[in-house]
Amino acid sequence: MPDHTPVSAAPPGSRWSTADTEPVVCCVCGHPGRVVHHVPPFGVVRCPSCTLVFVSPRLHAAARQRLYDEPAYFDGGVYGDRTRWSPAMLLQRTWTHGRLAGITRRRPAPGRLLEIGSGYGLFLAAARDAGYSVRGVELSRTGARVAHEELGLDVLAGQVADAPTEPADVICFWDTLEHVPDPLAFLCEVRSRLAPGGWIALSVPYVSSVPARALGARWWTLKPEQHIWHFTGPTLALVAARAGLVITDVIRSPAHPANAGRLDSLVAFGRALPDRPDGNRNDV
Ligand SMILES: [Zn+2]
């Protein structure tokens, strides 16, 4: 099957057209992918070299910014009902509790915690309450504004490259890596901000999960307009290693509080690989 089979028009009802898209290559190998699913005007492809799955064509940068600036992007999702005891909020609180417990076991407070993709700031506020000095970065200007105005958090509207450059002891990014334009560049930015002995903590959907494999193009987390990279345990470890990071622990169980109820996502913790004596990072 040819790579990037042209798609001339979006199906009826789709808000995006080919004019909103651009082709991309694997962030690790530079190869175009081979088509796995057609989801017009997008394609879900797999790198023939490293097996990383990604979306190409995908929304170009301006179209993605339009998507994330819409209040409906958050309000239609898991953050939709922010009343204290809504089911969505109970899940959020369970994840927050489980993830913070995993972080405090590895790098107890006090410490500097940076969250990239901090949404409305719910996790960041909990980390602050747990004794960390917290900062956030959020691409959605709506999310950044709400976090600042309602929770008094220091959240910058922007991408990882706009994040404060002073070292952080913990850098977390929940359900963010699948959204970023270039996960390798993103993780290099993370690595450059990690203090000696620091930890990363993340969650991400995984394309080798049972729902992803069973449902194919109907997998509810495929969402090709916003989820533009799809990992497995091995491809996540590969991209992390290329960025000078090592994944040390992975939680896949939906019974674990950090990943409660999630059949197709994993939570991972990791650290920086040591620099080699010649000044270069270890590589794979
Ligand atoms: Zn590749």
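One is the number of the first residue; the rest follow in order along the sequence.
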Across all chains, not counting sequence neighbours, the side chain to side chain donor-acceptor pair (under 3.5 Å) partners of Asp249 are Arg106
Rounded to the nearest 0.5 Å, the CD1 atom of Ile116 sits from the CG atom of Leu156 at a distance of 11.0 Å
### Task
Check whether any side-chain heavy atom of Phe42 sits under 4.5 Å from a side-chain heavy atom of His37, and report yes or no.
no
Interatomic distance, CG@Leu122 vs OG1@Thr96, rounded to 0.5 Å, equals 6.5 Å
Rounding to 0.5 Å, atoms SG (Cys188) and CZ (Arg191) come to a distance of 9.0 Å
Report task. For the pair Thr94 (side chain) and Ala260 (backbone), establish whether a donor and an acceptor sit closer than 3.5 Å, ignoring hydrogens and angles. Result -> no
Rounded to the nearest 0.5 Å, the CD atom of Gln159 sits from the OH atom of Tyr68 at a distance of 9.5 Å
So the side chain to side chain donor-acceptor pair (under 3.5 Å) pairs with at least one residue in residues 193-206 (sequence neighbours excluded) are Asp175-Ser203, Glu189-Arg193
Per side chain to side chain contact (heavy atoms under 4.5 Å, CB included), Leu114 is matched among Val137, Leu194, Leu124 by Val137
For Ala268 and Leu236 the tightest heavy-atom approach is CB-CD2, 4.3 Å
- Is any side-chain heavy atom of Val44 less than 4.5 Å from a side-chain heavy atom of Val39? yes
Do Ile103 and Phe269 make a side-chain contact, defined as non-hydrogen atoms from C-beta onward lying under 4.5 Å apart?
yes
Single-linkage hydrophobic cluster, 4.5 Å side-chain cutoff, Val267 and Val250 together: no
**Q.** Minimum side-chain heavy-atom gap Trp219-His230 below 4.5 Å
**A.** yes
*asked:* Side-chain heavy atoms nearer than 4.5 Å, only ILVMFWY residues, links allowed to pass through others: does that put Leu263 and Ile251 together?
replied: no
Scanning both residues in full, the closest heavy-atom pair of Cys27 with Pro183 reads SG-CD, 3.8 Å
Closest non-hydrogen atoms of Asp264 and Pro211, given as atom of the first, atom of the second and distance, are CB-CG, 4.1 Å
(request) Go through the steps to decide whether Val28 and Leu238 satisfy the test side-chain contact (heavy atoms from CB on, under 4.5 Å), and finish with yes or no. (result) CA-CA 9 Å; Val28 175; Leu238 170 70; 4.2 Å; yes
May I ask you to check whether Trp95 and Asn259 show a side-chain donor-acceptor distance below 3.5 Å?
no
Quiz item: Should we count NE2 of His148 as having more than 12 external heavy atoms under 6.0 Å?
Solution: no
Query raised in the report: Is a donor on one side and an acceptor on the other found under 3.5 Å between the side chain of Ser118 and the backbone of Gly136?
Result: no
Is there a side-chain contact between Ile200 and Leu245, using heavy atoms and a 4.5 Å cut-off? yes
- Taking the side chain as every heavy atom from C-beta outward, state whether Pro205 and Ser265 have any pair of such atoms under 4.5 Å apart. yes
Taken in chain and number order and not counting sequence neighbours, the residues that satisfy side chain to side chain donor-acceptor pair (under 3.5 Å) with Glu178 are none
Between Gly121 and Leu153 the two heavy atoms that sit nearest each other are O-CD1, 3.3 Å
When every non-hydrogen atom of Pro181 is compared with those of Ile228, the smallest separation belongs to CA-CD1, 4.1 Å
Which of Gln226, Arg58, Glu225 passes side chain to side chain contact (heavy atoms under 4.5 Å, CB included) with Arg64? It is Arg58
Are any of the side-chain heavy atoms of Phe54 and Cys47 separated by less than 4.5 Å?
-> yes
Q.
Under 6.0 Å between ring centres: does that hold for Trp16 and His60?
A. no
_Steps toward side-chain contact (heavy atoms from CB on, under 4.5 Å) verdict (Cys50, Cys26)_ = CA-CA 9 Å; Cys50 75; Cys26 174; 3.6 Å; yes
Minimal heavy-atom distance between Leu113 and Ala127, with the atoms involved, is CD1-CB, 4.0 Å
The side chain to side chain donor-acceptor pair (under 3.5 Å) partners of Thr51 (sequence neighbours excluded) come to none
Tabulate below the donor-acceptor pairs under 3.5 Å that side-chain atoms of residues 166-174 make, not counting sequence neighbours, or state none.
from, atom 1, to, atom 2, distance (Å)
Glu166, OE2, Arg135, NH1, 2.4
Asp169, OD1, Arg112, NH2, 3.1
Asp169, OD2, Arg107, NH2, 3.4
Asp169, OD2, Arg112, N, 2.8
Asp169, OD2, Arg112, NE, 3.1

Taken in chain and number order and not counting sequence neighbours, the residues that satisfy side chain to side chain donor-acceptor pair (under 3.5 Å) with Thr232 are Thr235
#### Entry: Donor-acceptor under 3.5 Å (His256 side chain, Ala258 main chain)
yes
Rounded to the nearest 0.5 angstrom, the CZ-CG distance for Arg128 and Asp154 is 10.5 Å
Same cluster or not: are Leu139 and Val55 linked, directly or through other Ile, Leu, Val, Met, Phe, Trp or Tyr residues, by side-chain heavy atoms under 4.5 angstrom apart? yes
Apply side-chain contact (heavy atoms from CB on, under 4.5 Å) to residues Tyr120 and Leu151 and explain how you reach the verdict.
CA-CA 9 Å; Tyr120 281 139; Leu151 298 170; 5.8 Å; no
Report task. Determine, using the 4.5 Å side-chain heavy-atom cutoff (strictly less than), whether Val190 and Val155 are members of one ILVMFWY cluster. Result -> no
Q. Any side-chain heavy atom of Arg242 sitting closer than 4.5 Å to one from Val239?
A. no
Rounded to the nearest 0.5 angstrom, the NE2-CG distance for His227 and Leu222 is 9.5 Å
Does any donor atom in the side chain of Trp229 or Asp182 lie under 3.5 Å from an acceptor atom in the other side chain? no
